[in-house]
Amino acid sequence: MSLLHTVNKSPFSKDTLLNCLAICQAKHSVLLIEDGVYGALKSSPCREQIEQLSAMGVRFFALSADVSARGIDENLIADVTLASDQDFVNLVVKNNVTQSWY
Amino acid sequence: MKETPTTATPKKILFVNTKAPYGSSLARDALDALLAASAYEQDLSVLFLGEAVFQLLRNQNPKDIGMKSLAATLPVLPMYDITQIYAQESALSTRGLSIDDLVLPVKVLGADEIAALMGSQGAILSF
């Protein structure tokens, strides 16, 4: 069953992303949006989990507009792919359900 | 009506930022309040704590989320005579940031220095 998770809180101040990653499985996708994009930073407290889950087949995305807004384009974990607004729509359509973490 | 005398001792006011930019309007509200307060010739300082150090990052481009860049406005602070600009040392290091990543020169403070800064104020406004 494919599942899309969206996360909109920074892992530096909230455990929202950590809670999401704790239940993530292969074939799930995680889309970081709004302040959630700070989770994709190389200095992210969740970097290790993201890299492990990515190796297991979880796909990670960060919304491009939110990344550019915050000036962190150059400093992201390699396993996280930038997603356009159109990609966001495609992810929602392609997955069976969406779980919103906020 | 008599005019209020302007010779009173300036009040020490610290603006404390605690939130990342754009996720809420608080960062912008703090900056607007700070610039407004600068018209009253008080002794102003501003401190970036925790997530708020992200407000100071260079290369912010929030055009596509329909917001105005904070990084474009923050460098005007010295022109408004706001030169006491501080950032929390542990907040920067936790996030892998150095002062070279920031849009304006800040003084980096440890926990004891932050406590002393707060303790010396006449008022603290927290955003």
Side-chain angles (χ1 to χ4, degrees), chain A residues 6-20 31-51 61-91 100-102, chain B residues 16-31 47-75 87-106 108 111 114 126-127:
Chain A
T6 65
V7 180
N8 80 338
K9 295 288 186 298
S10 164
F12 292 97
S13 63
K14 296 275 196 305
D15 58 8
T16 319
L17 178 56
L18 207 59
N19 293 339
C20 164
L31 173 63
L32 304 172
I33 59 173
E34 300 166 22
D35 285 346
V37 298
Y38 291 121
L41 278 173
K42 284 179 182 156
S43 58
S44 170
C46 297
R47 178 176 183 170
E48 218 169 282
Q49 290 98 317
I50 289 174
E51 289 175 343
F61 303 90
L63 197 63
S64 182
D66 286 325
V67 167
S68 301
R70 290 162 180 78
I72 58 171
D73 313 58
E74 305 296 321
N75 220 358
L76 303 184
I77 302 168
D79 297 289
V80 180
T81 309
L82 288 181
S84 66
D85 290 357
Q86 183 62 54
D87 294 331
F88 188 169
V89 175
N90 291 342
L91 279 167
S100 173
W101 301 81
Y102 60 93
Chain B
V16 179
N17 284 282
T18 66
K19 296 288 192 288
Y22 313 120
S24 72
S25 70
L26 276 164
R28 171 59 58 179
D29 295 343
L31 186 55
L47 169 65
F48 294 85
L49 281 184
E51 293 286 85
V53 294
F54 282 133
Q55 294 180 28
L56 296 163
L57 274 187
R58 293 177 191 277
N59 304 320
Q60 295 173 37
N61 182 11
K63 179 170 55 74
D64 288 348
I65 59 169
M67 312 276 264
K68 268 167 65 184
S69 173
L70 272 179
T73 315
L74 283 169
Q88 184 182 22
E89 189 172 35
S90 60
L92 289 169
S93 60
T94 304
R95 289 163 183 79
L97 306 176
S98 74
I99 49 171
D100 297 334
D101 298 317
L102 311 182
V103 287
L104 80 175
V106 300
V108 177
I114 290 170
S126 188
F127 292 85

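Sequence lines set the chain letters: A, B, ... in the order given, protein chains first and strands last, and positions in each chain run from 1.
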So, does Ser68(A) use its side chain to make a donor-acceptor pair with the main chain of Ser64(A) at under 3.5 Å? yes
For the pair Ser93(B) (side chain) and Ser90(B) (backbone), establish whether a donor and an acceptor sit closer than 3.5 Å, ignoring hydrogens and angles.
yes
Counting heavy-atom pairs under 4.5 Å with chain A, the top scorer among Asn59(B), Leu97(B), Asp64(B), Asn61(B) is Asn61(B)
Okay, Arg95(B) and chain A: the region with an atom under 4.5 Å from a heavy atom over there is both
inquiry  = So Leu104(B) and Leu56(B), do their side chains get closer than 4.5 Å, heavy atoms only?
reply    = yes
Answer yes or no: is there a side-chain heavy-atom contact under 4.5 Å between Val103(B) and Leu57(B)? no
Applying a strict 4.5 Å limit to non-hydrogen atoms, the region of Ile72(A) in contact with chain B is side chain
The interface call for Asn8(A) against chain B, heavy-atom contacts under 4.5 Å, is neither
